[in-house]
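Treat the numbers as computed from the prediction; the structure is a model and nothing was measured. Note that ligands are numbered from 1 as they come in the structure, with each ligand's atoms numbered from 1 the same way.
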Amino acid sequence: MNLQETMFREMREKSVFKQAQTYAYDYLDKVFDRQVYPTEAAIANLKHFEEDMPEQTAEAADVIDLLHQYGSPATIPQVGGRYFGFVNGSSVPAGLAAKNLATFWDQNSAMYVLSPIASTLESISEKWLRQLFGLPDRTVAGFVSGTSSANFCALAAARYRLLKRQNWDINEQGLFDAPRLRVVAGKQAHSSIVKVIGLLGFGTTNVEWVEVDDQGRIIPEAMPELDDTTIVILQAGNVNSGSYDPFEEICTKANAANAWVHIDGAFGLWAATVEELKYLTKGIEKANSWAVDGHKTLNTPYDSGIVLCEDGEALRAALHSSGSYFVVSEKRDGMFFTQEMSRRARAVELWATMKYLGRRGIQEMIYGLHQRTVQFADALRQIEGFEVLNEVVFNQVIIRCATDEQTQKTMENIQQLRTCWVGGSMWEGRKVIRISVCSWATTVKDVELSVASFARALVSNVY
Ligand SMILES: *Cc1c(COP(=O)(O)O)cnc(C)c1O
């Protein structure tokens, strides 16, 4: 049998897919209870993948076997409920299943003509996101890999618009002799913002970095005068403390000055969907662009970020690509809203997650994350040796021990116990342990087990 015949047979017989499905279900059965970090042995076993580019065609079953045998044990079970590292969401079952189905569809969501279903689900998701966050009706959405990419798209739109107002077309005339723009951002802006500032040619040393308070929020009185050449970058959800910039006050001033406001709301924008928490995002609708993730707080599978922009023309112009073969339709062509062309149809699982949860489910799930976070912080405050450093407004807790050395050693102990996983960060010049509750699967019991593990791991003396 030649290669083509073999592959037709595999498609027909489906045994390789069934095998992968069996392994996937096996994984799912264990993921909520297993240790939250691979064992040393599992990591050592990754050596089985190391070989030169193989000469011969393999058996498909062997390829999947290899992944299951040595790949699965070396994964991070962030789908479960006791992974609190970085800001990483789990997956809602309907979203995961939708992605699984869409894997077989293997759609290219660049244009309507390439995938009517992907285009339709993008349009509907765009509308729903507008409604969930309370954004202006004219707001458009681009579906990208994550907030880093969404920040890039939004700030490219801002750059396009502010230069265009000065009769400068960035696409044609470039940056070299362009009128100068100003960029104003809080000193606690996320590293992905810093990266985008570099990528777009603004330069980090040209940014007017604004002082923040002890929670990482921009101090409104420290804001410089704004004008119509200024891009203001605000944050909904500080990656350490979870704090929110004062949007209402700053956006009102920025609107009056005709400045552009972008909000990086990777995980924090979702507070807008919860009655008890939406005081945090008051005023966000006055901004011009927003970046948010599906794969963090909303718990879609990975690779789901969204750029939202009330100036659709600026977004499309900034990311525009052209070519005579494009079939530009009356319908939505997704590529015009992102910097990419061919993209997988990530709106499928985003749509499925929102369709399944509904507004009420989203609210319940996200408020649940907050409640578990408050539980975590309250329990840690009871343990002598831990100090909670932030106001627990959303889903983040930062703590430290008496000294940096104790904090570091305690964190390493927690990681080694493998009951839960947390990482470290820096806060006001000192080492901290950061806890992010971002998985729908985290239960009261998970938090109790994790707190017990923190207590066991606590180091009071390090010499
Ligand atoms: C996670 C995060 C980002 C980056 O998002 P990705 O989806 O990882 O690209 C940007 N800003 C904030 C505040 C974040 O928490």
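Residue contacts with ligand 1 do not include Val87, since none of its heavy atoms lies under 4.0 Å from the ligand. For Gly305, the closest heavy-atom approach to ligand 1 does not fall below 4.0 Å.
By the 4.0 Å N-to-carboxylate-O rule, Glu122 lies close enough to Arg343 to be salt-bridged with it. The existence of a salt bridge linking Glu126 and Arg130 is confirmed by a sub-4.0 Å separation between a basic side-chain nitrogen and an acidic carboxylate oxygen. Ion pair Arg344/Glu349 flagged as a salt bridge, since at least one NZ, NE, NH1 or NH2 atom sits closer than 4.0 Å to an Asp/Glu carboxylate oxygen. Ion pairing of Arg161 with Glu313 is present here, as a side-chain N (NZ or NE/NH1/NH2) and a carboxylate O approach within less than 4.0 Å. A salt bridge links Asp227 to Arg182: one of the charged nitrogens lies within less than 4.0 Å of a carboxylate oxygen.
Short contacts between ligand 1 and Val239, defined as distances under 4.0 Å to a heavy atom of the residue, involve ligand atoms 15 (O). For ligand 1, the atoms sitting less than 4.0 Å from at least one non-hydrogen atom of Gly237 are 13 (C), numbered in the order shown with element in parentheses. Residue Asp293 has at least one heavy-atom neighbour below 4.0 Å for each of these atoms of ligand 1: 5 (O), 6 (P), 7 (O). Heavy-atom contacts of Gly146 reach the following atoms of ligand 1: 7 (O), 9 (O) (cutoff under 4.0 Å).
Distances between N or O atoms of Ser148 and those of ligand 1 include at least one value under 3.5 Å. In terms of polar-atom proximity, Asp264 is counted as a contact of ligand 1, with an N or O under 3.5 Å from an N or O of the ligand.
Heavy-atom contacts from other residues, nucleotides or ligands closer than 6.0 Å to CZ of Phe32 number more than 12.
Ring centroid separation for the pair Trp270 and Phe133 comes in under the 6.0 Å cut-off.
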Applying ring-ring contact (aromatic ring centres under 6.0 Å, His included), run through Phe376 and Phe84 and close with a yes or a no. CA-CA 11 Å; Phe376 218 134; Phe84 307 109; 5.2 Å; yes
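The closest non-hydrogen atom to atom 2 (C) of ligand 1, taken over Lys296, Lys195, Gln188, Gln396, comes from Lys296.
For Phe267, every heavy-atom contact with ligand 1 shorter than 4.0 Å involves the side chain, none the backbone.
In terms of protein heavy atoms, atom 5 (O) of ligand 1 is closest to Thr147 CB, 3.2 Å.
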